[in-house]
Amino acid sequence: MKLSVSGRASTAGLVTAVMLLTGGSIAGAAPAPEVTAAAAPDIPVANVKAHLTQLQSIATANGGNRAHGRAGYKASLDYVKAKLDAAGYTTTIQQFTSSSRVGYNLIADWPGGDTNQVVMAGSHLDSVTSGAGINDNGSGSAAVLETALAVSRTGYQPTKHLRFAWWGAEELGLVGSRYYVNNLSLANRAKISGYLNFDMIGSPNPGYFVYDDDPAIEKTFKDYFTGLGVPTEIETEGDGRSDHAPFKSAGVPVGGLFTGASRTKTAAQVAKWGGTSGQAFDRCYHSSCDTTSNISDTALNRNSDAAAYAVWELSS
């Protein structure tokens with residue numbers, strides 16, 4: 001803070017200025033406000049679920065899925081893009097080819113922030129051909145979308161530059177995210193200070209798993225869940241099997257969240273989190289029953305809020 005004193009100021013005025021500059025106070029004067037980082041907003045789970053309802057409708061209208069190279073995927077991408085465009089994002093569609101079908105990534109940049117320090121949050125938008133893919137991975141896609149929209153609603157002005165991404169053809173082997181990373185220059189890769197991945201964050205028999213890749217990102221997520229009183233475990237089931245892997249291979253710090261897929265929930269995990277022992281975290285993994293009824297609202301709510309918390313903490 002800079003204080004100016006006119007040439008006509010009295011000695012008392014000079015003393016006052018010195019007291020303010022050195023942290024003193026004046027009787028009756030209000031203390032100077034502290035400058036603090038903006039707190040992450042609560043992400044309304046109803047908003048996230050509304051996106052899932054739209055993705056389900058898109059799948060239903062397009063052969064029951066939103067898979068790479070199918071009409072349901074492109075309609076999903078168009079839905080997300082329209083929301084981001086209306087919210088003031090600069091959006092880019094990146095096109096690639098896999099299995100003789102055209103695929104698309106969607107990248108959204110929030111104006112402002114230091115473009116030499118980029119915080120990214122992403123999720124894969126495609127489903128398998130056998131179902132609508134509402135938990136895998138409508139859940140992550142909807143949470144990332146609603147976090148991006150919250151940035152716009154709150155007028156958040158981060159210190160670092162924010163970028164959000166929705167990947168195509170993850171189910172065919174991380175094709176879209178790998179294409180994106182491979183087409184970045186070395187200089188632009190180096191500008192990404194962290195990539196956060198959200199894949200299956202609403203499993204109906206959920207666990208709370210945190211990636212143990214970059215220590216600072218891992219701690220950020222763990223701190224959030226500690227604040228809720230929710231224990232976490234290290235994510236191992238999907239290690240290297242989602243879109244963080246190409247970033248990690250390129251030397252980008254990565255982290256993320258996961259609520260479990262086909263592995264069975266143990267009695268010890270039920271003691272931590274509730275749910276059903278001996279049953280898969282997601283019995284509808286890669287199946288036709290992965291619909292809007294295949295979601296834990298509690299897990300979706302907690303993980304969506306955790307996503308926003310990490311985006312705010314790591315970009316401020």
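These numbers come from the heavy atoms of this one structure, side chains and all, not from hydrogens, waters or symmetry mates.
Looking at heavy atoms from C-beta onward, Tyr73 lies out of side-chain contact with Asn62 at the 4.5 angstrom threshold. Counting heavy atoms from C-beta outward, Val102 and Tyr104 have side chains that approach closer than 4.5 Å. Side chains of Lys248 and Asp213 form a contact here, defined as non-hydrogen atoms less than 4.5 Å apart. With contacts defined as side-chain heavy-atom distances shorter than 4.5 Å, the pair Lys265/Thr276 does not qualify. For the pair Thr266 and Ser277, the minimum side-chain heavy-atom distance is 4.5 Å or more. Between Pro158 and Ser316, the closest side-chain pair of non-hydrogen atoms is not below 4.5 Å. At least one side-chain heavy atom of Asp78 sits less than 4.5 Å from a side-chain heavy atom of Lys74.
No hydrogens or angles considered: a donor-acceptor pair under 3.5 Å links the side chains of Asp282 and Asn294. Under 3.5 Å, the side chains of Ser296 and Thr298 contain no donor-acceptor pair of N or O atoms.
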message: As a quick check of understanding, evaluate side-chain hydrogen bond (donor to acceptor under 3.5 Å, both in side chains) for Ser203 and Asn135, giving each step before the final call.
response: CA-CA 6 Å; Ser203 300; Asn135 186 37; 3.1 Å; yes
- prompt: Which is it for His161 and Lys191 under the side-chain contact (heavy atoms from CB on, under 4.5 Å) test, yes or no, and what are the steps along the way?
  reply: CA-CA 10 Å; His161 182 75; Lys191 292 177 181 178; over 6 Å; no
message: Quick one, Asp136 with His124, criterion side-chain contact (heavy atoms from CB on, under 4.5 Å). Give me CA distance, side-chain angles, the key distance, then yes/no.
response: CA-CA 8 Å; Asp136 185 15; His124 75 86; 3.0 Å; yes
message: With side-chain contact (heavy atoms from CB on, under 4.5 Å) as the criterion, how do Trp166 and Val144 come out once you've worked through the C-alpha distance, each side chain's angles and the decisive distance to 0.1 Å?
response: CA-CA 9 Å; Trp166 291 263; Val144 172; 3.6 Å; yes
Test log, rule side-chain contact (heavy atoms from CB on, under 4.5 Å), inputs His68 and Arg101: CA-CA 8 Å; His68 164 74; Arg101 291 177 180 265; 3.6 Å; yes
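In Arg189, the CZ atom is crowded: over 12 heavy atoms of neighbouring residues, nucleotides or ligands sit closer than 6.0 Å. More than 12 heavy atoms of other residues, nucleotides or ligands sit less than 6.0 Å from atom CD of Glu237. The number of heavy atoms from other shown groups lying within 6.0 Å of NZ (Lys49) does not exceed 12.
The backbone N or O of Gly168 lies less than 3.5 Å from a partner atom in the side chain of Asn105, making a donor-acceptor pair.
Ion pairing between Arg163 and Asp109 holds under the 4.0 Å rule for side-chain N and carboxylate O.
Between Thr129 and Ala67, the closest heavy-atom pair is CG2-CB, 3.7 Å. Here the closest heavy-atom approach between residue Arg66 and residue Asn137 is recorded as NH2-N, 4.4 Å. The minimum heavy-atom distance linking Gly173 with Arg178 is given by the pair O-NH1, 2.7 Å. The heavy-atom pair separating Gly131 from Ser127 by the smallest distance is O-OG, 3.0 Å. Contact between Thr232 and Lys222 at its shortest, heavy atoms only, is OG1-CG, 3.9 Å.
In this structure, Tyr211 and His244 have tilted ring planes: the angle between them lies in the 30° to 60° band.
Applying the 4.5 Å side-chain rule to ILVMFWY residues, one finds Ile107, Val118, Met120, Trp167, Tyr180, Val181, Ile192, Tyr195, Phe247, Val252, Val254 in the same cluster as Leu184.
Of the residues Trp273, Phe198, Phe221, Phe225, the one that meets the ring-ring contact (aromatic ring centres under 6.0 Å, His included) test with Phe209 is Trp273.
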